[in-house]
Amino acid sequence: MFFSLLLVFVIAQRMVELYIARRNEKWMKSRGALEFGQNHYPLIVMVHSLFFIVLIIEVAFFEKQPSPYWPLLLFLFTLTQAGRFWALASLGKFWNTKIIVLPHADVVKKGPYRWLKHPNYLIVALEFIIIPLVFQAYYTAVVFTMLNIVIMSIRIPAEEDALKQLTAYEEAFPNEKSNKEIGKI
């Protein structure tokens, strides 16, 4: 029952987020925003969808029970959800599951974006670990953490390149070394 409730909560949350993302996409594109990363986006959708399928299979097939540490893990999950809400609320209409950039828009530097460039990606990475660990689904935690690392190694550079092309992204993060500068060191 606990597994079903948590799963329904997370899936319902994702459905609401997809609705918000579509609404934000329409708003941004109506103002001239451009979309990037269309080639890797289906891969992201596939991995996120497979996460739930594999989690369900692992928990059901291996008859997994909640971890003895589930109260701590549920607390950590709750913190990630607060962080998710904070990150999405900080971006407002600029938040999306796709890479959609409005040319010359101000780079968001409020909320968690004051300290991290991509706080929501960190939250997703933590969820890929915490949610399976609540139910001792170790295979799911390991496999999807690895898949997420691969996806983020594609996604983050694509997003940063798009932001650099169309906004003052580099000026917003003046202390950050560019990939070119790092290569020279």
Side-chain angles (χ1 to χ4, degrees), residues 6-53 55 77-128 130-131 144-145 147-181:
L6 186 61
L7 200 61
V8 166
F9 170 78
V10 175
I11 292 171
Q13 179 187 51
R14 296 304 187 269
M15 300 308 289
V16 169
E17 288 174 359
L18 288 173
Y19 169 78
I20 292 168
R22 282 191 201 106
R23 188 185 67 202
N24 290 350
E25 178 179 2
K26 288 178 186 175
W27 179 84
M28 288 180 67
K29 286 185 173 179
S30 74
R31 284 158 178 73
L34 302 173
E35 185 174 346
F36 298 82
Q38 296 96 322
N39 291 337
H40 73 262
Y41 186 72
L43 182 61
I44 291 174
V45 171
M46 182 182 72
V47 168
H48 281 257
S49 300
L50 282 174
F51 171 76
F52 293 108
I53 295 167
L55 178 64
F77 172 75
T78 303
L79 288 179
T80 63
Q81 299 318 290
R84 173 187 290 284
F85 180 76
W86 190 25
L88 274 58
S90 296
L91 286 176
K93 290 186 179 264
F94 294 100
W95 176 79
N96 210 293
T97 58
K98 298 177 180 177
I99 300 173
I100 300 174
V101 181
L102 185 61
H104 311 294
D106 290 335
V107 176
V108 174
K109 291 276 298 195
K110 64 181 181 178
Y113 296 91
R114 286 182 289 203
W115 302 286
L116 294 170
K117 286 183 175 182
H118 306 284
N120 200 45
Y121 296 153
L122 173 61
I123 290 163
V124 170
L126 292 171
E127 288 175 337
F128 276 160
I130 293 169
I131 294 169
F144 284 89
T145 294
L147 288 172
N148 192 52
I149 289 168
V150 171
I151 289 172
M152 289 301 104
S153 72
I154 298 166
R155 173 66 173 224
I156 291 173
E159 185 170 319
E160 290 193 348
D161 286 346
L163 288 166
K164 287 174 187 174
Q165 285 179 38
L166 299 177
T167 69
Y169 189 71
E170 290 178 299
E171 289 82 24
F173 295 97
N175 296 329
E176 300 289 329
K177 297 259 188 240
S178 71
N179 290 339
K180 292 176 188 173
E181 290 177 83

- Can you list every side chain to side chain donor-acceptor pair (under 3.5 Å) pair that touches residues 32-46, not counting sequence neighbours? Lys29-Glu35, Tyr41-Thr97
- Partners meeting salt bridge (Lys or Arg N to Asp or Glu O under 4.0 Å) with Arg155 (sequence neighbours left out): Glu159
For the residue pair [X] and [Y], establish whether any side-chain heavy-atom pair is separated by less than 4.5 Å.
| X | Y | result |
| --- | --- | --- |
| Asn120 | Leu88 | yes |
| Phe173 | Val107 | yes |
| Met46 | Leu43 | yes |
| Val10 | Phe52 | yes |
| Met152 | His118 | no |

- Could you walk me through whether Trp86 and Tyr113 pass the ring pair (Phe, Tyr, Trp, His ring centres under 6.0 Å) test, one step at a time? CA-CA 10 Å; Trp86 190 25; Tyr113 296 91; 8.8 Å; no
- Would you say the side-chain atoms of Asn96 pair up with the backbone N or O of Ala21, donor to acceptor, closer than 3.5 Å? yes
Which pairs count as salt bridge (charged side-chain N to carboxylate O under 4.0 Å, His left out) when at least one residue sits in [range], sequence neighbours excluded?
| range | answer |
| --- | --- |
| residues 83-97 | Glu17-Arg84, Arg84-Glu127 |
| residues 41-53 | none |
| residues 96-116 | Glu25-Lys98 |

- Query: Once the angle between the rings of Phe9 and Phe77 is folded into 0 to 90°, is it parallel (under 30°), tilted (30 to 60°) or perpendicular (over 60°)?
  - Reply: perpendicular
For residues [X] and [Y], report the shortest heavy-atom separation together with the two atoms involved.
| X | Y | answer |
| --- | --- | --- |
| Thr80 | Ile123 | O-CG2, 3.5 Å |
| Ile99 | Ala162 | CG2-CB, 3.9 Å |
| Gly32 | Pro103 | O-CD, 3.4 Å |
| Phe128 | Phe144 | CD1-O, 3.6 Å |

- With sequence neighbours excluded, tell me which residues meet ring-ring contact (aromatic ring centres under 6.0 Å, His included) with Phe36. none
